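Everything numeric here is computed off the predicted structure, so don't read it as measured data. Keep in mind that the numbers below use all heavy atoms, side chains included, and drop hydrogens, waters and symmetry copies.
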Amino acid sequence: MPEPIKATTVTFARLNFEAAMRDVARLVQLHDAGVRERRGPPSPDLEVFKRAGLILAVTAWESFVEDTLTSAFKNRLRSAKTPKDVLETFHAVAHSWLSQPRRPPELVAWTGDNWKSMLGERADQEVAELNTPNSANVARLTRRLLGQDVTSHWFWPGTSAASAKARLDQVIVLRGKLVHRTKVFHDRRASVRRRDVAAAISLLTRLMERTEKTLGLEPKEVTFDRR
C-alpha cells in the first residue's frame, strides 16, 4: 500500500507576512555588511536600510491583519445561519444603516440572505480603512468582525498581553515618525536603531503566531491518502 502524503497547511496571510519579513531581514543584512566594510562611524547612507526595514516590517504586519480579518470573517459569515451567529457585526452594520434616512422599499436589502452581503461589504470597508494596525484598532476590529479580542491572547513566557500591546504601539508610532520624516535626513527623529528593527521583527512575528493560534489558523499537518 502506498505511503500517505503528509503536508502542512499554511494561511495566505502567514505566507505573505513571512515573505515580507525575509525582505526585512535582507535589508538588515545589507546594513550590517555596509557597517563591516567601513572603518569608523557608520555611513549615514546606511540609515536607509534600517528605516526601510522597520517600515516594511509594519507594512507586513498591517497586511497580515487585513488578510486574516478578511479571510476569517468570510468563513464566519459563510457558516452563519442567522444574524445571531455574527451578532456584534450585525448590530454595528444595522445601526449604521438605520442612522441614515431610509424608505420602506430599501428594507428589501435585508431580506433573505441579503443581510450577509450587507455585512460582508461593511467588513471589507472597515478592513480597507485600517491604516494604523495598533493594538486598539486590532482589538476593535477583531471584536466586531470575529467576536473576540485577539489582543488579549498576545502573551508568551516573559511577556504579558499588556506589555506586548504597548510594544506594538511603540513600533507603530516609530513607523509613523519615519514615514513622515524620511525627507528630513538631518533630523535624528528620522533615524532608527538597528536593535529597533530586530526587536520589531521578533515582536511582530510573535504577534502573528499568537493571532493565528488564537483563531485556530496556525500551520497544521494534514495527511492525504494516495489512493
Side-chain angles (χ1 to χ4, degrees), residues 6-31 48-79 89 120-151 153-156 159 164-165 167-176 178-179 182 192 194 196-222:
K6 293 185 178 180
T8 301
T9 62
V10 183
T11 65
F12 173 81
R14 177 186 279 252
L15 286 174
N16 273 352
F17 177 86
E18 292 179 340
M21 282 303 188
R22 285 194 291 272
D23 288 340
V24 176
R26 178 57 178 157
L27 288 169
V28 174
Q29 290 172 356
L30 291 171
H31 167 269
V48 65
F49 294 117
K50 293 183 292 181
R51 287 198 304 270
L54 193 132
I55 291 171
L56 180 56
V58 175
T59 301
W61 166 248
E62 182 176 334
S63 296
F64 168 78
V65 172
E66 293 173 347
D67 292 342
T68 299
L69 283 170
T70 298
S71 176
F73 182 72
K74 283 183 178 178
N75 289 337
R76 188 173 182 231
L77 189 60
R78 189 180 301 114
S79 63
T89 310
E121 290 172 5
R122 177 59 180 267
D124 288 343
Q125 179 183 345
E126 292 201 16
V127 171
E129 290 173 352
L130 175 68
N131 53 28
T132 306
N134 58 26
S135 62
N137 285 337
V138 173
R140 175 179 57 84
L141 283 175
T142 55
R143 279 196 302 265
R144 178 172 293 186
L145 300 181
L146 306 183
Q148 61 177 312
D149 176 3
V150 299
T151 70
H153 297 270
W154 287 352
F155 56 83
W156 51 89
T159 301
K165 289 188 278 188
R167 288 167 58 189
L168 171 63
D169 293 345
Q170 290 170 357
V171 171
I172 300 300
V173 169
L174 179 56
R175 187 279 299 263
L178 296 176
V179 168
T182 51
V192 58
R194 185 196 182 282
D196 293 329
V197 183
I201 294 172
S202 176
L203 173 67
L204 297 176
T205 300
R206 282 277 200 175
L207 295 181
M208 180 274 293
E209 293 170 346
R210 290 300 301 169
T211 298
E212 286 208 334
K213 183 172 180 60
T214 300
L215 298 174
L217 300 173
E218 69 272 29
K220 296 181 178 66
E221 187 176 89
V222 294

With a 4.5 Å cut-off on side-chain heavy atoms, are Arg76 and Thr89 touching? yes
Could you work out, with ring-ring contact (aromatic ring centres under 6.0 Å, His included) as the rule, every residue matching Trp61, not counting sequence neighbours? Phe64, Trp154
Would you indicate whether the side-chain heavy atoms of Phe17 and Thr205 approach each other to under 4.5 Å? yes
Distance, nearest 0.5 Å, that separates CH2 of Trp156 from NZ of Lys213: 14.0 Å
Only counting residues at least two apart or in another chain, list the ones meeting side-chain contact (heavy atoms from CB on, under 4.5 Å) with Thr11. Ala13, Arg14, Glu212, Leu217
Working to the nearest 0.5 angstrom, can you tell me the gap between Arg122 CZ and Leu145 CG? 9.5 Å
Testing Val179, Val173, Leu178, Val171 one by one against Arg175 for a side-chain contact (heavy atoms from CB on, under 4.5 Å), which residue passes? Val179
Audit row: Glu66, Leu69, side-chain contact (heavy atoms from CB on, under 4.5 Å) steps and yes/no: CA-CA 5 Å; Glu66 293 173 347; Leu69 283 170; 6.0 Å; no
Just how far is it from atom CG of Asn134 to atom CZ of Arg140, taken to the nearest 0.5 Å? 9.0 Å
Audit row: Glu121, Gln125, side chain to side chain donor-acceptor pair (under 3.5 Å) steps and yes/no: CA-CA 6 Å; Glu121 290 172 5; Gln125 179 183 345; over 6 Å; no
Taking all non-hydrogen atoms of both residues, which atom of Leu130 and which atom of Glu62 are closest, and how far apart? O-OE2, 3.2 Å
Rounded to the nearest 0.5 Å, what's the gap from CZ on Arg210 to CD on Glu218? Could you check? 9.5 Å
Looking only at non-hydrogen atoms, find the nearest pair between Leu207 and Ala164 and report the distance. CD2-CB, 4.2 Å
I need the minimum non-hydrogen distance between Pro219 and Thr8, along with the two atoms involved. CB-CG2, 3.8 Å
Is the shortest side-chain heavy-atom distance between Thr214 and Thr142 below 4.5 Å? no
Picking from Thr151, Asp169, Asp149, what satisfies side chain to side chain donor-acceptor pair (under 3.5 Å) with Ser135? Asp169
Give, for atom CZ of Arg144 and atom CZ of Phe73, the distance between the pair rounded to the nearest 0.5 Å. 10.5 Å
As an exercise, state the distance from CG of Leu203 to CG of Asp196, rounded to the nearest 0.5 Å. 12.0 Å
Minimum heavy-atom separation for Gln148 and Leu215, please, with both atom names. NE2-CD2, 3.5 Å
After noting the C-alpha distance and the side-chain angles of Asn137 and Thr132, does the key distance pass the side chain to side chain donor-acceptor pair (under 3.5 Å) rule? CA-CA 7 Å; Asn137 285 337; Thr132 306; 4.8 Å; no
Hey, does Arg167 have a side-chain heavy atom less than 4.5 Å from the side chain of Thr159? yes
Under 3.5 Å donor-acceptor, Ser79 side chain and Asn75 backbone: yes
Among Arg22, Met21, Arg26, side-chain contact (heavy atoms from CB on, under 4.5 Å) partner for Val24: Met21
